[in-house]
S.K.: 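Sending over a structure as structure tokens; questions will come in a sec.
All values reported here derive from a predicted model rather than from experimental measurement. Remember, it's 1-based here, ligands and their atoms both numbered in the order they're listed. Numbering starts at 1 and runs along the sequence shown.
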Amino acid sequence: MAIEHVFIIGAGQMGGGIAQVCAQAGYQVTLHEIKEEAYNRGFAVITKNLSRNVEKGRMTEEEKQEVLGRFTQSLDLQNAKHADLVIEAAVENMEVKTSIFAQLDEITPEHTILATNTSSLPITEIGAATKRPEKVIGMHFMNPVPVMQLVEIIRGLATDDTVYEAVEEMTRRLGKTPVEVNDYPGFVANRVLMPMINEAIFTLYEGVATKEAIDDVMKMGMNHPMGPLQLADFIGLDTCLYIMETLYEGFGDSKYRPCPLLRKYVKAGWLGKKTDRGFYTY
Ligand SMILES: NC(=O)c1ccc[n+]([C@@H]2O[C@H](COP(=O)([O-])OP(=O)(O)OC[C@H]3O[C@@H](n4cnc5c(N)ncnc54)[C@H](O)[C@@H]3O)[C@@H](O)[C@H]2O)c1
């Protein structure tokens, strides 16, 4: 299964990063957004990242132009008709994702693999929105994509071995390391990470310590490069809340209940770094 043309949905933090690493690895990339402003914002971040690579001597100006030349803008999902692989990185919401996948199933050729970068939503359920669940798979990149080594690859109940192998091979071509996991809420990464972040928010909510103190304890005491509250701001508090809700609903266990303070921040529109305000101001 040769992958040449990758269609990426969403030019946000994750979609933009995924598009960048795919173009750098030589793939033809179509980057799709709902609005032109969102595309332009995402593309500007990619251009800035590549320029920084040139400044630091990691690539030449010519290479940067070649990478940028592999991009095509899309504002119409019909453009996915040329894709060998789609990687969806829109918002963490099941209705949005199943609607996108049902449309992709109609638009894309039979051979096209449909991957999602979901942080926690069931791959099996997303696959069931299509007539090709054997070609639906999770490709969970980490943030920031150009820097982080891991891609958690999640098999849905029906995912075909050849599809898994094609995605695993592509991940290696991106210079990343694939790790195989099965489809349960939160997979491995967020099943372990998010309850820790949620618990850190509870310690703030209950007045156990200040946000700075909580982050310092985890940085200096546990050798984490970033405290959990700052990390939550970087991930996006809306994404953190969606993931906790998925764990809570998926396991039906009260230990996964989202902290009320997290809900309050999301309702206020304080979503972290991307809105310039979360637990910290940016
Ligand atoms: N933020 C993280 O650290 C992280 C890590 C791994 C996975 N993820 C997952 O990646 C996905 C995207 O997260 P993000 O942090 O990049 O969010 P984001 O808010 O930065 O970007 C989402 C982008 O998707 C676009 N979008 C929304 N609906 C769309 C549609 N129907 N068609 C096309 N574009 C659409 C939005 O305009 C926005 O630009 C989510 O599923 C999230 O759970 C996030």
S.K.: Could you identify the single nearest non-hydrogen protein atom to atom 37 (O) of ligand 1 and state the distance to 0.1 Å?
M.R.: Glu33 OE1, 2.8 Å
S.K.: Hey, looking at atom 40 (C) of ligand 1, which of Cys240, Ala90, Pro144 has the closest heavy atom?
M.R.: Ala90
S.K.: Regarding Arg155 and the six-membered ring of Tyr164, is the cationic atom NZ or CZ under 6.0 Å from the ring centre and inside 45° of its axis?
M.R.: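 Pair Arg155/Tyr164 counts as cation-pi.
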S.K.: Side chains of Thr108 and Arg132: do they bring a donor and an acceptor to under 3.5 Å?
M.R.: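 Short answer, yes.
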S.K.: Name the closest protein heavy atom to atom 33 (C) of ligand 1, giving the residue it belongs to and the distance to 0.1 Å.
M.R.: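 Here the nearest protein heavy atom works out to Ile9 CG2, 3.5 Å.
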S.K.: If you measure from OG1 on Thr246 to CG on Asn93, what distance do you get to the nearest 0.5 Å?
M.R.: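 If I round to the nearest 0.5 Å, the distance is 9.5 Å.
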S.K.: Against the six-membered ring of Tyr265, is Arg277 placed for a cation-pi contact (under 6.0 Å from the centre, within 45° of the normal)?
M.R.: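 Judged by the rule (NZ or CZ under 6.0 Å from the ring centre, within 45° of its axis), Arg277 is not positioned above Tyr265.
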S.K.: When you compare the side chain of Arg70 with that of Glu66, does any pair of heavy atoms fall below 4.5 Å?
M.R.: yes
S.K.: Identify whether the distance between the nearest side-chain nitrogen and carboxylate oxygen of Glu37 and Arg41 falls below 4.0 Å.
M.R.: no
S.K.: What protein heavy atom lies closest to atom 15 (O) of ligand 1? Include the residue and the distance to one decimal.
M.R.: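 Ranking protein heavy atoms by distance from atom 15 (O) of ligand 1, first comes Gln13 NE2, 3.4 Å.
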S.K.: When you look for heavy atoms under 4.0 Å from ligand 1, do you find them on the side chain of Phe141, its backbone, both, or neither?
M.R.: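 The answer is the backbone of Phe141.
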S.K.: Could you tell me, atom by atom, which parts of ligand 1 come under 4.0 Å of a heavy atom of Ser119?
M.R.: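 Going through ligand 1 atom by atom, the ones under 4.0 Å from Ser119 are 6 (C), 7 (C), 8 (N), 9 (C), 42 (C), 43 (O), 44 (C).
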S.K.: When you check the gap from the basic side-chain N to the acidic O, do Glu168 and Arg173 get nearer than 4.0 Å?
M.R.: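 No salt bridge links Glu168 with Arg173.
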S.K.: Give the atom numbers and elements of ligand 1 that come within less than 4.0 Å of a heavy atom of Gly12.
M.R.: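 Those qualifying, in numeric order: 16 (O), 20 (O), 21 (O), 23 (C), 39 (O).
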S.K.: Heavy-atom distances under 4.0 Å decide this one: backbone, side chain, both or neither, for Ile243 against ligand 1?
M.R.: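 Neither; nothing of Ile243 gets under 4.0 Å from ligand 1.
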S.K.: Numbering the atoms of ligand 1 from 1, which are under 4.0 Å from a heavy atom of His140?
M.R.: 6 (C), 7 (C)
S.K.: Among all protein non-hydrogen atoms, which one is nearest to atom 13 (O) of ligand 1, and what is the separation to 0.1 Å?
M.R.: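 Going by distance alone, atom 13 (O) of ligand 1 is nearest to Met14 CG, 3.9 Å.
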S.K.: Quick one: nearest non-hydrogen protein atom to atom 1 (N) of ligand 1, plus distance?
M.R.: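 For this ligand atom, the closest protein heavy atom is Ile235 O, 2.9 Å.
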S.K.: I need the Cys240 SG to Leu193 CG distance, nearest 0.5 Å.
M.R.: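 Between atom SG of Cys240 and atom CG of Leu193 there are 8.0 Å.
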S.K.: How far is atom 22 (C) of ligand 1 from its nearest protein heavy atom, and which residue and atom is that?
M.R.: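 I find the closest protein heavy atom is Ala89 O, 3.9 Å.
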S.K.: Counting non-hydrogen protein atoms only, what is the nearest one to atom 19 (O) of ligand 1? Give residue, atom name and distance.
M.R.: Lys274 NZ, 3.4 Å
S.K.: State yes or no: do Leu271 and Phe234 share one hydrophobic cluster built from I, L, V, M, F, W and Y residues joined by side-chain heavy-atom distances below 4.5 Å, directly or via other members?
M.R.: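 Linked, Leu271 and Phe234 end up in one cluster.
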S.K.: May I ask you to identify the nearest protein heavy atom to atom 10 (O) of ligand 1, giving residue, atom name and distance to one decimal place in Å?
M.R.: Asn117 ND2, 3.0 Å
S.K.: N/O to N/O below 3.5 Å, does that happen between Lys97 and ligand 1?
M.R.: yes
S.K.: Tell me whether the NZ or CZ atom of Lys211 lies within the 45° cone about the ring axis of Tyr280 and under 6.0 Å from its centre.
M.R.: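 Yes - Lys211 lies over the ring of Tyr280, closer than 6.0 Å to its centre and within 45° of its axis.
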